[in-house]
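Naming convention: chains lettered A, B, ... in sequence-line order (proteins, then strands); numbering from 1 in each chain.
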Number of protein chains: 2
Amino acid sequence: MESVITKKERDCIISLHDNFSLPVRLFNIAEMLNIKAPTAHELVNRLISKRILQKNNGVISLTNYGDRIYGDIMTAHRTMEIIFTESGVNSDEACSEIEKIDYLMDKKSIEKLLVNIGSPEKCPHGKPVKP
Amino acid sequence: MESVITKKERDCIISLHDNFSLPVRLFNIAEMLNIKAPTAHELVNRLISKRILQKNNGVISLTNYGDRIYGDIMTAHRTMEIIFTESGVNSDEACSEIEKIDYLMDKKSIEKLLVNIGSPEKCPHGKPVKP
DNA sequence: CATAATATTAGTAGTATGCTAAAATATATA
DNA sequence: TATATATTTTAGCATACTACTAATATTATG
């Protein structure tokens with residue numbers, strides 16, 4: 001059941017969740033990720049076959065499983081963001097560096113890091129650590 | 001001049017440096033990385049074209065540049081290892097999880113993390129943070 | 001219905017990873 | 001030195017991922 005995803009797949013999951021309240025269609029994803037429609041089509045199909053995304057009448061959304069993956073990535077991201085900024089790394093810098101690794105990090109280890117820094121509710125940007 | 005490397009390339013760099021005192025040849029690398037000779041050949045050639053490895057009479061070694069990359073990876077690895085274990089993550093577990101990300105981490109951020117934890121000389125395994 | 005907007009398919013390409021089989025080179029040993 | 005063994009390299013093939021253009025199909029909208 002382990003989900004091995006790529007950086008592009010990660011970006012797709014995050015922007016699908018974050019950048020829209022309205023229904024998201026393929027061309028929106030292509031736009032958000034700055035790729036052409038056929039490339040987005042491939043990417044989305046890969047994520048659908050991994051049961052992370054689903055499509056209904058052209059509207060693409062996260063499955064429950066995908067939503068859990070999103071949460072895990074964000075928790076890892078924000079936990080690391082707190083650790084980085086507390087060490088003096090600029091928060092934007094921290095954010096862009098952590099994007100490279102958040103989707104690869106172990107959930108259990110992140111949980112321990114989070115407890116160790118006092119289980120804060122929010123990251124430096126004011127967003128919830130556990131979305 | 002930024003070095004973008006892959007996980008396999010990272011593993012090659014690390015095992016080349018660590019697992020041998022004797023001259024390392026292609027078949028040693030294939031053995032260490034558990035891949036066949038032609039695959040190792042490709043990998044090594046890629047790293048040679050990136051000026052990370054060099055070959056003299058069949059003996060493969062890190063260039064000065066490659067050695068710097070090795071050092072950066074190990075510093076990132078051990079810095080994170082300290083942070084993880086101080087949060088209660090088992091050190092072997094920490095090690096295997098950090099292998100997935102150490103080669104992707106930003107040098108400047110790592111430097112700040114390291115200062116923040118008191119610039120220790122050694123990691124939980126007793127190895128120098130700055131090799 | 002016709003036009004516009006979206007989605008999909010087909011075809012191509014590059015990088016990274018991996019393999020087997022065969023050929024070429026070295027290195028040892030008899 | 002000649003043969004045998006070890007090692008390297010080439011060739012050919014395959015898969016996953018990312019990405020494109022051009023063309024076709026589908027779905028909305030006027």
Side-chain angles (χ1 to χ4, degrees), chain A residues 1-16 19-62 66 69 73 96 99-104, chain B residues 1-16 19-62 66 69 73 96 99-104:
Chain A
M1 271 305 127
E2 192 156 312
S3 65
V4 179
I5 62 171
T6 65
K7 176 62 161 54
K8 262 287 137 71
E9 289 169 355
R10 177 246 183 236
D11 290 345
C12 186
I13 292 166
I14 304 300
S15 50
L16 185 54
N19 296 140
F20 274 85
S21 39
L22 305 164
V24 178
R25 328 195 96 251
L26 193 70
F27 80 96
N28 299 123
I29 290 178
E31 224 169 54
M32 297 185 296
L33 300 178
N34 253 292
I35 57 183
K36 302 297 174 188
T39 306
H41 189 252
E42 277 285 307
L43 178 59
V44 166
N45 279 356
R46 253 200 330 277
L47 285 166
I48 289 172
S49 75
K50 289 182 184 179
R51 320 249 217 95
I52 291 170
L53 299 188
Q54 59 197 3
K55 187 155 46 170
N56 291 304
N57 306 322
V59 175
I60 298 158
S61 57
L62 289 166
I69 291 176
I73 294 172
S96 67
E99 276 175 7
K100 298 180 194 163
I101 59 169
D102 54 14
Y103 68 104
L104 297 169
Chain B
M1 269 304 126
E2 193 156 309
S3 65
V4 179
I5 62 171
T6 65
K7 178 60 162 55
K8 261 288 137 72
E9 289 170 354
R10 177 244 182 236
D11 291 344
C12 186
I13 293 166
I14 304 300
S15 48
L16 186 54
N19 295 139
F20 273 85
S21 38
L22 303 166
V24 178
R25 327 196 96 248
L26 193 71
F27 80 95
N28 300 122
I29 290 178
E31 223 168 55
M32 295 185 299
L33 300 178
N34 253 293
I35 56 182
K36 301 297 174 186
T39 306
H41 189 252
E42 278 285 306
L43 177 58
V44 166
N45 279 357
R46 253 197 335 274
L47 285 166
I48 288 172
S49 75
K50 289 182 185 179
R51 319 247 221 94
I52 291 170
L53 298 189
Q54 58 197 4
K55 186 153 50 167
N56 291 305
N57 305 322
V59 175
I60 298 158
S61 57
L62 289 167
I69 291 176
I73 294 171
S96 68
E99 275 174 7
K100 297 180 194 163
I101 60 169
D102 54 14
Y103 68 104
L104 296 169

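- Straight-line distance from the CD1 atom of B:Ile48 to the C1' atom of C:dA16: 17 Å, rounded to whole Å.
- Here the CG atom belonging to B:Leu53 is positioned 8.0 Å from the CG atom belonging to B:Leu43, to the nearest 0.5 angstrom.
- Rounding to whole angstrom units, CD of residue B:Glu42 and C1' of D:dT9 are separated by 11 Å.
- Here the options are B:Ile60, B:Ile35, B:Ile5, B:Leu33, the test is side chain to side chain contact (heavy atoms under 4.5 Å, CB included), and the partner is B:Cys12; only B:Leu33 passes.
- When the side-chain nitrogen and oxygen atoms of B:Lys55 are compared with OP1 and OP2 of D:dT9, one or more of them lie within a distance under 4.0 Å.
- Distances shorter than 4.0 Å separate some side-chain N or O of B:Lys8 from OP1 or OP2 on C:dG18.
- To the nearest 0.5 angstrom, A:Arg10 atom CZ is 13.0 Å from A:Ile52 atom CD1.
- Rounding to the nearest 0.5 angstrom, the gap separating the CG atom in B:Leu62 from the CD1 atom in B:Ile14 is 8.5 Å.
- In this structure, B:Thr39 reaches the bases: a heavy-atom distance under 4.0 Å links it to at least one base atom across the strands shown.
- More than 12 heavy atoms of other shown residues, nucleotides or ligands fall within 6.0 angstrom of atom NZ in B:Lys7.
- In this structure, A:Lys36 atom NZ and D:dA23 atom C1' are separated by 16 Å, rounded to whole Å.
- Whole-Å rounding puts the B:Leu43 CG to C:dT15 P distance at 16 Å.
- In this structure, B:His41 atom NE2 and C:dG18 atom P are separated by 16 Å, rounded to whole Å.
- D:dT27 atom P lies 10 Å from atom CZ of A:Arg25, rounded to whole Å.
- Sequence order on DNA chain C of the closest nucleotides to B:Lys50 and B:Pro38 puts B:Lys50 first from the 5' end.
- The side chain of B:Ile35 sits closest to C:dC19 out of D:dT8, C:dT8, C:dC19.
- If you find the closest nucleotide of DNA chain D to A:Thr6 and to A:Asn57, the one lying nearer the 5' end belongs to A:Thr6.
- Rounded to whole angstrom, the span from the CG atom of A:Asn45 across to the C1' atom of D:dA19 amounts to 15 Å.
- When rounded to the nearest whole Å, the span between CZ of A:Phe27 and C1' of C:dA7 equals 11 Å.
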